[in-house]
> 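The structure that follows is given in the form of structure tokens.
Being a predicted model, the structure only gives us computed values, none of them experimental.
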Amino acid sequence: VQLQASGGGLVQPGGSLRLSCTTSRDSFVTLDYWAIGWFRQAPGKEREGVSCISSSDGATYYEDSVKGRFTSSRDNAKNTVYLQMDSLKPEDTAVYYCVALAFCSNTWYTYNSDDWGQGTQVTVSS
């Protein structure tokens, strides 16, 4: 299942952005059957897991550095998953990706793939 992230941009420190995760136009994939993981990769750094939202009960899991600032949610009617990012910091600058996971396991953040789909650039800078 290939997904595409959008909604990135340039924002000042302390600002907010909302990222969206959707399927491609010609896809009939229903996102509510999948857990959705958000990952990011900053220049020169390893890709890291940011958030996972489960399909069954909407439970969410966050990487420690974004807890309390990022919120993942679903809109099943729009077949879209969101990542609301508040109180952004320069260290949040990265390309963000979303992926479909079977579920948010204890090791969801270790997910890896040869094809991460379309990411979206988030730049936090004054």
Side-chain angles (χ1 to χ4, degrees):
V1 178
Q2 190 167 79
L3 306 179
Q4 50 194 20
S6 62
L10 173 63
V11 63
Q12 292 187 341
S16 298
L17 280 174
R18 188 178 75 164
L19 305 185
S20 298
C21 177
T22 58
T23 60
S24 59
R25 284 186 189 177
D26 56 355
S27 171
F28 295 99
V29 172
T30 303
L31 292 187
D32 55 348
Y33 291 141
W34 297 89
I36 301 298
W38 287 95
F39 292 76
R40 66 185 179 186
Q41 187 166 24
K45 293 189 176 182
E46 296 279 327
R47 201 182 318 260
E48 64 175 353
V50 174
S51 171
C52 189
I53 181 167
S54 70
S55 61
S56 56
D57 58 3
T60 50
Y61 307 86
Y62 301 97
E63 190 267 332
D64 285 347
S65 70
V66 307
K67 282 180 182 176
R69 300 189 299 121
F70 289 13
T71 305
S72 186
S73 63
R74 294 179 173 273
D75 186 336
N76 291 336
K78 294 184 178 179
N79 203 30
T80 302
V81 173
Y82 300 103
L83 184 67
Q84 177 68 40
M85 306 187 297
D86 299 318
S87 303
L88 282 162
K89 304 176 181 180
E91 50 264 44
D92 295 318
T93 295
V95 178
Y96 285 70
Y97 303 86
C98 58
V99 296
L101 304 172
F103 54 95
C104 297
S105 71
N106 289 339
T107 57
W108 65 266
Y109 50 89
T110 65
Y111 172 85
N112 204 352
S113 174
D114 291 332
D115 184 1
W116 285 83
Q118 175 184 311
T120 187
Q121 175 71 49
V122 172
T123 303
V124 185
S125 175
S126 55

> Quick check on the hydrophobic clustering: are V50 and V122 connected, directly or via other members, by side-chain heavy-atom contacts under 4.5 Å?
yes

> Going hydrophobic residue to hydrophobic residue with side-chain gaps under 4.5 angstrom, can you get from L3 over to Y33?
yes

> Compare every heavy atom of L83 with every heavy atom of S51, then report the nearest pair and how far apart it is.
CB-CD1, 4.1 Å

> Any chain of hydrophobic side-chain contacts (each under 4.5 Å) joining Y61 to L19?
no

> Tell me the closest heavy-atom pair linking I53 and S72, and the distance in Å.
CG2-OG, 3.5 Å

> Not counting sequence neighbours, list each pair that qualifies as a disulfide (SG to SG under 2.5 Å) and has a residue in residues 51-93.
C52-C104

> Apply side-chain contact (heavy atoms from CB on, under 4.5 Å) to D57 and list each qualifying residue two or more places apart in sequence or on a separate chain.
S54, A59

> Are V99 and Y62 connected, step by step, through hydrophobic side chains (Ile, Leu, Val, Met, Phe, Trp, Tyr) whose heavy atoms are closer than 4.5 Å?
no

> Suppose we screen for side chain to side chain donor-acceptor pair (under 3.5 Å). Which residues come up paired with T107, at least two apart in sequence or across chains?
S105

> What disulfide (SG to SG under 2.5 Å) pairs are there with at least one residue in residues 62-99, not counting sequence neighbours?
C21-C98

> Can you see which heavy atom on L101 is nearest to which on W34, and at what distance?
O-CE3, 3.5 Å

> Count I, L, V, M, F, W, Y as connected when their side-chain heavy atoms are under 4.5 Å apart, and connections chain through other members. Are V81 and V29 then in the same cluster?
yes

> For S113, what residues pass the side chain to side chain donor-acceptor pair (under 3.5 Å) criterion, not counting sequence neighbours?
none

> I need the full list of side chain to side chain donor-acceptor pair (under 3.5 Å) pairs touching residues 114-126, with sequence neighbours left out, sorted by first then second residue.
Q2-D115, Q121-T123

> With D86, which residues qualify under side chain to side chain donor-acceptor pair (under 3.5 Å), at least two apart?
S16, Q84

> Who are the side chain to side chain donor-acceptor pair (under 3.5 Å) partners of T22, not counting sequence neighbours?
none

> For residues 35-44, dump all side-chain donor-acceptor pairs below 3.5 Å to protein atoms at least two apart in sequence or in another chain.
from	atom 1	to	atom 2	distance (Å)
R40	NE	E48	OE2	2.6
R40	NH1	D92	OD1	2.9
R40	NH1	Y96	OH	2.9
R40	NH2	E48	OE2	3.0
R40	NH2	S65	OG	3.4
Q41	OE1	R47	NH2	3.3
Q41	NE2	K45	O	3.1

> Measure across N79 and L31 and return the closest heavy-atom pair with its distance rounded to 0.1 Å.
OD1-N, 2.7 Å

> Can you name the residues that form a side-chain contact (heavy atoms from CB on, under 4.5 Å) with Y82, not counting sequence neighbours?
R18, S20, S73, D75, K78, T80

